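What you see is a predicted model, and the numbers here were worked out from it, not measured in a lab.
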Amino acid sequence: MLLTAIQEMSMNQETTTHQWLTGQQALARISDKELANALGYQSPNVIQMFKSGQMTVPLTKVPELANALDINPGMLMRRLLQDADPGLLHAVEHCVGPLCLSDGEKKLIAAIRKANPGKEPVPIMFDRNATTERVIEATD
């Protein structure tokens, strides 16, 4: 999937999360009222407060917000954690890995799981001149 200009802004440290969310909402062509309803809020004022930076998005609303805006929930969670507590983000990514996976990484993980149902797969990677061969060995 190619990144749009607004999605690329998500990587720009000068773009605030509330500016980025405003752009993502515009891309999704969803009104404040529709977005508020998707997040379980009765009033669109909450969305306006998120977009102005007066209020932060609760981390518990990430799945609903990502779904409503059709964005990667890991990217959204990463941005919100970076704003709220950079140390916590670092600790989480140190323990579980990056919160955002590329489409290729997701496909690779799905293929590994499908090839080894019920087993713990151990991928072994060999890199030779920018060509990577993957050999998957399942442990018992």
Side-chain angles (χ1 to χ4, degrees):
M1 178 174 93
L2 295 175
L3 293 178
T4 67
I6 292 177
Q7 288 169 324
E8 287 176 7
M9 285 181 3
S10 72
M11 302 305 179
N12 184 344
Q13 294 299 331
E14 295 175 14
T15 303
T16 64
T17 299
H18 61 270
Q19 290 170 330
W20 178 74
L21 284 173
T22 300
Q24 293 299 319
Q25 182 184 3
L27 280 175
R29 296 186 172 139
I30 185 171
S31 71
D32 287 353
K33 182 158 182 53
E34 291 168 321
L35 192 52
N37 288 338
L39 299 179
Y41 296 115
Q42 294 181 352
S43 171
N45 292 344
V46 174
I47 303 305
Q48 294 164 6
M49 292 172 72
F50 292 158
K51 293 188 318 185
S52 69
Q54 295 174 330
M55 183 176 163
T56 59
V57 177
L59 298 176
T60 57
K61 295 292 185 181
V62 166
E64 294 90 348
L65 183 56
N67 186 54
L69 297 178
D70 194 27
I71 58 177
N72 182 311
M75 183 188 325
L76 176 58
M77 180 64 81
R78 189 174 200 296
R79 283 212 65 142
L80 294 173
L81 280 174
Q82 179 66 38
D83 290 349
D85 189 341
L88 176 60
L89 173 61
H90 174 75
V92 168
E93 288 192 329
H94 178 78
C95 292
V96 300
L99 294 178
C100 302
L101 298 176
S102 70
D103 288 340
E105 290 169 325
K106 290 177 187 176
K107 288 177 183 177
L108 179 59
I109 290 169
I112 291 169
R113 289 179 177 165
K114 184 177 179 181
N116 297 288
K119 297 182 180 175
E120 178 66 27
V122 180
I124 302 170
M125 308 291 280
F126 300 96
D127 189 9
R128 294 188 186 112
N129 301 323
T131 301
T132 304
E133 300 174 34
R134 293 181 228 22
V135 178
I136 303 167
E137 174 183 274
T139 60
D140 293 318

Applying side chain to side chain contact (heavy atoms under 4.5 Å, CB included), run through L39 and V46 and close with a yes or a no.
-> CA-CA 10 Å; L39 299 179; V46 174; over 6 Å; no
Sub-3.5 Å donor-acceptor pair from the side chain of Q25 to the main-chain atoms of I30, do we have one?
-> yes
Determine which pairs satisfy salt bridge (charged side-chain N to carboxylate O under 4.0 Å, His left out) with at least one residue from residues 37-49, sequence neighbours left out, and list them in order.
-> none
Could you tell me which residues satisfy side chain to side chain donor-acceptor pair (under 3.5 Å) with T22, sequence neighbours excluded, listed by chain and number?
-> none
Residue pairs, two or more places apart or on separate chains, that pass salt bridge (charged side-chain N to carboxylate O under 4.0 Å, His left out) and touch residues 29-57 | D32-K51
Under the side chain to side chain donor-acceptor pair (under 3.5 Å) test, residues paired with T56 that sit two or more places apart = none
State which residues pass side chain to side chain contact (heavy atoms under 4.5 Å, CB included) with V62; sequence neighbours excluded, sorted by chain then number.
-> P73, L76, M77, L80
Looking only at heavy atoms, the pair that brings M75 and W20 closest together is SD-CZ2, 3.6 Å
State, with a plain yes or no, whether a side-chain heavy atom of L27 is found less than 4.5 Å away from one of I71.
-> no
With sequence neighbours excluded, what pairs up with D83 under the side chain to side chain donor-acceptor pair (under 3.5 Å) test?
-> T17
Within a reach of under 6.0 Å around NZ of K114, are more than 12 heavy atoms found that belong to other residues, nucleotides or ligands?
-> no
Among pairs that include at least one residue of residues 84-94, which meet salt bridge (charged side-chain N to carboxylate O under 4.0 Å, His left out), considering only residues two or more places apart or in two chains?
-> R78-E93
Report yes if some heavy atom in the side chain of L69 is under 4.5 Å from a heavy atom in the side chain of L35; otherwise report no.
-> yes
Donor-acceptor pair, N116 side chain versus K119 backbone, under 3.5 Å?
-> no
Residues forming a side chain to side chain contact (heavy atoms under 4.5 Å, CB included) with A38, sequence neighbours excluded | A68
Roughly how far, to the nearest 0.5 Å, is CD1 of I47 from CG of L65?
-> 7.0 Å
List the atom of S52, the atom of M49, and the distance in Å for their closest heavy-atom pair.
-> OG-O, 3.1 Å
Please identify each residue that fulfils side chain to side chain donor-acceptor pair (under 3.5 Å) with N45, with sequence neighbours left out.
-> S43
Salt bridge (charged side-chain N to carboxylate O under 4.0 Å, His left out) pairs, two or more places apart, involving residues 55-65 = none
